[in-house]
Amino acid sequence: MAYWLMKSEPDAFGIEDLQSRPAKTEPWDGVRNYQARNFMRDDMKKGDEIFFYHSNCKVPGIVGIATVASTPYPDPTQFDPDSDYFDPKSDPDDPRWILVDVKYKRRLKRILSLAEIKDHAEALGDFALVRKGNRLSIMPVSAEQWDYLLGLEKQ
DNA sequence: GCCAACGTTGGC
DNA sequence: GCCAACGTTGGC
């Protein structure tokens, strides 16, 4: 099993929104970055665990845990002219944008803020989240990093 | 609201 | 294929 971190802006879609969805599950649509897409398309497996991260907000940080709840499939919003994520260049016979469903598991007992995570950058090793200029919205987390961060939750 | 960092686009 | 211009991300 692999571990991931996925960013979302709480103003648009936060952990509470995921929790309140039917089946607590939501298609992770709108990803329009190839590297992030490739993680979903090529590497994610059903049951993988995800840190749910709130970005672009007052206290950015990890707020909960979700799981990968589907195999990869085409993001329907790319073919919807009314969607913000419509991509006229995407060919329905060879869809450009692929997503997975994400399912709510639990909230953390406390937010692990980006500031706190940065304080532990050394122990976390080469963690994409705290790399300078990082803008990836989906990134891998190693088992060691996962365990370390969950350990912080209890402190 | 500012701006640094980064990805994408398109002219040449 | 280069690279300037532009748009977006996301912390602060």
Side-chain angles (χ1 to χ4, degrees), chain A residues 2-21 26-44 48-68 72-102 104-142 144-146 148-153 155:
Chain A
Y3 301 98
W4 305 94
L5 182 145
M6 297 171 92
K7 295 179 183 173
S8 190
E9 301 190 14
D11 288 348
F13 189 82
I15 187 89
E16 317 76 20
D17 298 303
L18 184 62
Q19 189 175 4
S20 64
R21 281 295 186 273
E26 182 77 358
W28 204 258
D29 59 20
V31 170
R32 294 295 179 267
N33 170 283
Y34 289 105
Q35 211 178 338
R37 178 208 63 184
N38 292 348
F39 285 135
M40 290 197 285
R41 188 189 61 185
D42 305 332
D43 300 321
M44 281 191 181
D48 283 359
E49 294 200 273
I50 301 160
F51 279 137
F52 197 108
Y53 179 92
H54 280 175
S55 68
N56 233 323
C57 55
K58 198 161 185 182
V59 184
I62 297 167
V63 294
I65 295 175
T67 58
V68 176
Y73 63 97
D75 181 342
T77 63
Q78 69 195 304
F79 303 122
D80 176 4
D82 295 328
S83 169
D84 288 344
Y85 303 124
F86 178 58
D87 183 351
K89 292 182 195 161
S90 185
D91 176 0
D93 293 327
D94 183 22
R96 182 179 294 194
W97 305 111
I98 303 293
L99 55 67
V100 296
D101 290 346
V102 164
Y104 175 87
K105 184 171 179 186
R106 68 175 180 91
R107 293 202 204 191
L108 295 193
K109 294 179 186 70
R110 64 188 191 86
I111 183 169
L112 298 180
S113 72
L114 178 61
E116 180 177 0
I117 293 167
K118 280 180 172 170
D119 287 340
H120 293 269
E122 202 166 335
L124 287 166
D126 187 31
F127 189 29
L129 186 70
V130 292
R131 239 178 256 153
K132 185 172 177 167
N134 151 65
R135 281 174 39 188
L136 253 190
S137 64
I138 299 177
M139 65 190 72
V141 178
S142 73
E144 291 76 15
Q145 290 160 345
W146 181 272
Y148 186 89
L149 289 163
L150 276 186
L152 290 182
E153 181 193 14
Q155 290 178 15

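Just so you know, these numbers come straight off a predicted model, no measurement behind them. Order of the sequence lines sets the chain letters (A, B, ...), proteins ahead of strands, with each chain counted from 1.
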Send over the distance from [X] [atom1] to [N] [atom2], rounded to a whole Å.
X	N	atom1	atom2	result
A/Y34	C/dT8	OH	C1'	15 Å
A/I117	C/dC12	CD1	P	11 Å
A/N33	B/dC6	CG	P	13 Å
A/H54	C/dC12	NE2	C1'	19 Å
A/E9	C/dG10	CD	C1'	8 Å
A/R135	B/dA4	CZ	P	14 Å
A/D11	C/dT9	CG	P	14 Å
A/W97	B/dT8	CH2	P	7 Å

Next on the checklist: Using ring centroids (six-membered ring only for Trp), state whether A/F51 and A/W146 fall under 6.0 Å.
Outcome noted: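 Centroid separation for A/W146 and A/F51: below 6.0 Å.
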
Give a yes/no answer on whether the side chain of [X] brings an N or O atom under 4.0 Å of OP1 or OP2 in [N].
X	N	result
A/K7	C/dG10	yes
A/K132	C/dG10	no
A/Y53	C/dG11	yes

Checklist entry - Any donor-acceptor pair under 3.5 Å linking the side chain of A/R110 with the backbone of A/L152? => result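 At least one qualifying donor-acceptor pair exists.
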
Next on the checklist: As a test of understanding, state which of A/Y34, A/F86, A/F79, A/Y73 forms a ring pair (Phe, Tyr, Trp, His ring centres under 6.0 Å) with A/W97.
Outcome noted: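 It is A/Y34; the other options fail the test.
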
Checklist entry - Can you name the nearest heavy-atom pair linking A/I15 to A/F52, along with the distance? => result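 Answer, listing the atom of A/I15 first, then A/F52: N-CE2, 3.5 Å.
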
Item to check | Pairwise 5' ranking along DNA chain B for A/N56 and A/G133, keeping only the more 5' one | outcome: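 It is A/N56 whose nearest nucleotide is closer to the 5' end.
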
Checklist entry - Using a cut-off of 4.0 Å on non-hydrogen atoms, how would the nucleic acid contact of A/K118 be classed: base, sugar-phosphate, or nothing? => result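 Sugar-phosphate, no base atom in range.
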
